[in-house]
**Student:** 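The structure that follows is given in the form of structure tokens.
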Amino acid sequence: MSNLKVYNSYSRQKETFVPLTAHHVGMYVCGPTVSGESHLGHARGFITFDVIYRYLLYLGYKVRYVRNITDAGHFEEEGREAEDKISKKAVIEKMEPMELVQKYSNLFHWAMKQFNNLDPSIEPTATGHIIEQIEMIKKIIAAGYGYAVNGSVYFDVKKYADHYPYGKLSGRKLDELLETTRELESQEEKRNRQDFALWKSASPGHIMRWNSPWGDGFPGWHIECSAMSTKYLGTEFDIHGGGMDLMFPHHESEIAQSVICNHHVPARYWLHNNMITINGKKMGKSYNNVITLTDMFSGNNPLLAQAYHPMTIRFFILQTQYRSTLDFGNEALQAAEKGLTRLWDAYLELGKMTSDPGKLINPVIENQFNSLCREFDDFMNDDFNTAKVLANMFVLVNHINSFRSGDLEKTTLSPETLSYTQTQFKNYLEDVLGLTNRTGTGPDRLGSIMDLLIEIRREARAKKDYQTSDRIRKQLLEIGILLKDEKDGRVSFTLE
RNA sequence: GGUCAUGUGGCCGAGUGGUGAGGCAUAGGUCUGCAAAACCUUAUACGGCGGUUCAAUUCCGUCCAUGACCUCCA
């Protein structure tokens, strides 16, 4: 049994994580709506839950990680002409809705790969589960909590709130909602303003439509997650994740639907990642401050000073706790870029380190290494505090470099400590945090060429032919390769 | 307007009732043919005002500011 504690939005406190079934975890995370390109904000959520998934695996759990693809589209705005997002955009781009879905699904998957996110165990689509959604709506109606009007079906929130704690997750009270819910045209169909749609009748021109007991239409925007999470994880599962902005009404509605159908709040632990902000404002379409992931990778956006490698972005995101907001800024991204390079270089150095029997073992340093590494576990167990793990790593980076060219030159690590450090670094840096070498793998051929150039330069320098040696370094720099003369006489290089 | 968050040094950010997380930047130094890297040193940071306390950035109150949700939203 691990000592993992997670912050549960549902109880508003950190709780010890105890899975429903020993050694197994069921986790559902709200996935992307593939009506457009994912942006930096989306990436944060998916990277956050990827690390959570990875950590659960690292702890030895068998995890079923379900992340949906929303491809059925929801209505643009309740009460306006029922027009789902996906079909609307398709008309603009003159594409079939499913063509659009395919395009953005592919792009999404490509971006997830760039970030080194693991694939979920199951990635169900909303359109592939229309039947399950209809069945669920039928059950809700049969239970007396749904009602059909003009081909649409609504959830009776007021009735639900009379019997169950509606609004517990988001901290909302029905009375307040009554006062603040906006006046919208189609409200007259609903019994109460705060009722939400389970099924929407499709107007004749609507492209995406399915037959149902209530006529042609499409599912409401909360029912898909309820239907798919129930299907693949059961009526009650362990973790439900998503962005904080989904708490209300999305997750609140999911809870209501599941309580009626399955007699359970669907998940025991509700985890929510915070937003990425840009100049203090949430990144989002409505604010017109979106930086898409392809923009991030290419630097092609007025807000970007340069392109950023996916790993830089991943590292940037993991340097903060997932429940805090994270403010975008070029300066911060550039800092992350440099920090990651230093971290990775030291990690490679650590891999090459050996315990030197001829040198002294410093007990203070031994202790530091051991406790800093051991704390990785504690920090992750404390609601996935990746920021603190990385902070400890950097303290170790400093020491690792010191063994080579600093204060610790005359000392060594014991074989046990060295091996433990190497293992912990590998496990956490690569497996849990999911970071990879930015320069990519296998610079083998390049390595050979570099060896040659380095050798020529070495000979030139030996002859004090600095004109040649500088020319080699200068011209390599021009094509993005930086040579470094290490203190111990070796020459290393890094790719920009 | 309602509800809930947040406010940390040039930037991004951890965190804690009492010993200055960490990254980047800055300044000085070591090393070096030069450069880079690395290492050493380098900040009297916790929105304002009260209160509790031996002690508050950390708890409480209040004010100010910003943001999120209340509508699609990671």
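Side chains included, hydrogens not; waters and symmetry mates left out as well; all remaining heavy atoms used.
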**Student:** Decide, applying a 5.5 Å centre-distance limit and a 30° plane-angle limit (both strict), whether A:Phe394 stacks on B:G23.
**Tutor:** no

**Student:** Between B:G10, B:A68, B:A14, which nucleotide gets closest to the side-chain atoms of A:Asn385?
**Tutor:** B:A14

**Student:** For a quick test of reading the model, state the closest non-hydrogen atom pair linking A:Asn3 to A:Asn381 and the distance between them.
**Tutor:** O-CB, 3.7 Å

**Student:** Using only modelled atom types and a 3.5 angstrom limit, is any donor from either the side chain of A:Lys285 or the base of B:C72 paired with an acceptor on the other?
**Tutor:** no

**Student:** From A:Arg461 CZ over to A:Arg473 CZ, what is the distance, rounded to the nearest 0.5 angstrom?
**Tutor:** 7.5 Å

**Student:** Quick one: do A:Arg172 and A:Glu252 make a salt bridge, cutoff under 4.0 Å?
**Tutor:** no

**Student:** Check every atom of B:C39, B:G22, B:C69 against the side chain of A:Phe248 and return the nucleotide holding the closest atom.
**Tutor:** B:C69

**Student:** For a quick test of reading the model: is some side-chain N or O of A:Thr325 closer than 4.0 Å to OP1 or OP2 of B:G67?
**Tutor:** no

**Student:** With C1' as the reference atom in both, quote the distance from B:U44 to B:U8 in angstrom, rounded to an integer.
**Tutor:** 15 Å

**Student:** Rounding to an integer number of angstrom, what distance separates B:G22 and B:U62 when you compare their C1' atoms?
**Tutor:** 34 Å

**Student:** Report the residue (A:Leu483 or A:Arg12) whose heavy-atom-nearest nucleotide on RNA chain B is the more 5′ of the two.
**Tutor:** A:Arg12

**Student:** In the structure shown, which nucleotide is the Watson-Crick or G-U wobble counterpart of B:G1, with both distances under 3.5 Å?
**Tutor:** B:C70

**Student:** Whole angstrom is fine here: how far is it from CD in A:Gln319 over to C1' in B:C12?
**Tutor:** 7 Å

**Student:** Could you measure between the two P atoms, the one in B:C12 and the one in B:G29, and give it in whole Å?
**Tutor:** 30 Å

**Student:** Atom CD of A:Gln321 to atom C1' of B:A21: distance rounded to whole Å?
**Tutor:** 14 Å

**Student:** Of the nucleotides B:C40, B:G67, B:C69, which has the atom closest to the A:Asp407 side chain?
**Tutor:** B:C40

**Student:** Could you check whether A:Gly242 gets within reach of a base, just the sugar-phosphate, or nothing at all, counting any heavy atom under 4.0 Å?
**Tutor:** sugar-phosphate

**Student:** Where the side chain of A:Asp485 is defined as all heavy atoms beyond and including C-beta, which of B:G33, B:A35, B:A38 is the nearest nucleotide?
**Tutor:** B:A35

**Student:** What integer number of Å spans the C1' atoms of B:U30 and B:A37?
**Tutor:** 13 Å

**Student:** Between the side-chain atoms of A:Arg342 and the base atoms of B:G23, is any donor-acceptor pair under 3.5 Å?
**Tutor:** no

**Student:** From CG of A:Asp382 over to C1' of B:A21, roughly how many Å is that when rounded to an integer?
**Tutor:** 14 Å

**Student:** Please pick, from B:G33, B:A14, B:A38, the nucleotide with the shortest atom-to-atom distance to any side-chain atom of A:Ser405.
**Tutor:** B:A38

**Student:** Can you tell me, in whole Å, how much space there is between the C1' of B:G17 and that of B:U71?
**Tutor:** 43 Å

**Student:** How far, in whole Å, is B:G51 from B:A56 if one measures between their P atoms?
**Tutor:** 11 Å

**Student:** Find the distance A:Lys282:NZ to B:A68:P and express it as a whole number of Å.
**Tutor:** 7 Å

**Student:** Check every atom of B:C72, B:C34, B:C70 against the side chain of A:Ser286 and return the nucleotide holding the closest atom.
**Tutor:** B:C72

**Student:** NA contact type, A:Ser469, heavy-atom cut-off 4.0 Å: base, sugar-phosphate, or nothing?
**Tutor:** base

**Student:** Using a cut-off of less than 4.0 Å, is there contact between a side-chain N or O of A:Lys281 and OP1 or OP2 of B:G67?
**Tutor:** yes

**Student:** Flag the pair A:His42 / A:Pro32 as yes when at least one side-chain heavy-atom distance between them is below 4.5 Å, and no otherwise.
**Tutor:** no

**Student:** Contact class for A:Asp470 vs. all strands (heavy atom < 4.0 Å): base, sugar-phosphate, or nothing?
**Tutor:** base

**Student:** Is the shortest side-chain N to carboxylate O distance from A:Arg314 to A:Asp50 below 4.0 Å?
**Tutor:** yes

**Student:** Between A:Asn401 and B:C40, is there a contact of a side-chain N or O with OP1 or OP2 at under 4.0 Å?
**Tutor:** no

**Student:** What I want to check is whether an N or O donor and acceptor connect the side chain of A:Asp327 with the base of B:G67 at under 3.5 Å.
**Tutor:** no

**Student:** Taking the C1' atom in each of B:A45 and B:G15, what is the distance between them to the nearest angstrom?
**Tutor:** 13 Å

**Student:** Nearest-Å distance, NE2 (A:His272) to C1' (B:C69)?
**Tutor:** 12 Å

**Student:** Let me know the distance between CE of A:Met247 and C1' of B:U71, rounded to the nearest Å.
**Tutor:** 17 Å

**Student:** Which nucleotide in the list B:G33, B:G13, B:A14 gets nearest to the side chain of A:Lys388?
**Tutor:** B:A14

**Student:** When you measure from the side chain of A:Ala332, which nucleotide among B:C12, B:G15, B:A74 comes out closest?
**Tutor:** B:C12

**Student:** Establish, for the pair A:Arg323 and A:Tyr7, whether the NZ or CZ atom is under 6.0 angstrom from the six-membered ring centre and no further than 45 degrees off its axis.
**Tutor:** yes

**Student:** Using every non-hydrogen atom in the two residues, find where A:Cys225 and A:Cys30 come nearest and quote the distance to one decimal.
**Tutor:** SG-SG, 3.9 Å

**Student:** Regarding A:Gly329, tell me which of base, sugar-phosphate or nothing describes its non-hydrogen contacts under 4.0 Å with the strands shown.
**Tutor:** nothing

**Student:** With respect to the phosphate group of B:A68, does any side-chain polar atom (N or O) of A:Tyr287 fall under 4.0 Å of OP1 or OP2?
**Tutor:** yes

**Student:** When the P atoms of B:U58 and B:A35 are considered, how many whole Å apart are they?
**Tutor:** 47 Å

**Student:** Taking OP1 and OP2 of B:C4, is either one under 4.0 Å from a side-chain nitrogen or oxygen of A:Ser170?
**Tutor:** no

**Student:** Determine which nucleotide pairs with B:G61, using a 3.5 Å limit on both distances of a Watson-Crick or G-U wobble pair.
**Tutor:** B:C49

**Student:** Any strand is fair game: report the nucleotide pairing with B:C11 by Watson-Crick or G-U wobble, both distances under 3.5 Å, or none.
**Tutor:** B:G23

**Student:** With both distances under 3.5 Å as the test, what is the Watson-Crick or G-U wobble partner of B:U16?
**Tutor:** none

**Student:** Expressed in angstrom and rounded to an integer, what is the separation of A:Trp344 atom CH2 from B:A37 atom P?
**Tutor:** 21 Å

**Student:** Would you mind classifying the nucleic acid contact of A:Leu408 as base, sugar-phosphate or nothing, using non-hydrogen atoms under 4.0 angstrom?
**Tutor:** nothing

**Student:** Whole angstrom is fine here: how far is it from OH in A:Tyr322 over to P in B:U6?
**Tutor:** 14 Å

**Student:** Please name the pair of heavy atoms, one in A:Leu293 and one in A:Ala111, separated by the smallest distance, quoted to 0.1 Å.
**Tutor:** CD1-CB, 3.7 Å

**Student:** Need the pair for B:A37. Rule: Watson-Crick or G-U wobble, both distances under 3.5 Å, any strand; none if unpaired.
**Tutor:** none

**Student:** I'd like to know if A:Arg473 reaches the base of B:C34 with its side chain such that a donor and an acceptor end up less than 3.5 angstrom apart.
**Tutor:** yes

**Student:** Could you work out which one of B:G22, B:A36, B:A68 sits closest to the side chain of A:Lys484?
**Tutor:** B:A36

**Student:** Counting Watson-Crick and G-U wobble pairs only, both distances under 3.5 Å, name the nucleotide matched with B:U42, or none.
**Tutor:** none

**Student:** Taking it one step at a time, do A:Asn274 and A:Arg44 satisfy side chain to side chain contact (heavy atoms under 4.5 Å, CB included)?
**Tutor:** CA-CA 8 Å; A:Asn274 214 134; A:Arg44 183 178 194 189; 3.9 Å; yes

**Student:** Closer to the 5' end of RNA chain B via nearest nucleotide, is it A:Gly284 or A:Lys173?
**Tutor:** A:Lys173

**Student:** Does the side chain to side chain contact (heavy atoms under 4.5 Å, CB included) test come out yes or no for A:Phe376 and A:Leu396, once each step is laid out?
**Tutor:** CA-CA 12 Å; A:Phe376 294 176; A:Leu396 288 161; 3.9 Å; yes

**Student:** Give the nucleotide from the list B:C34, B:C12, B:A74 with an atom nearest to the side chain of A:Phe316.
**Tutor:** B:C12

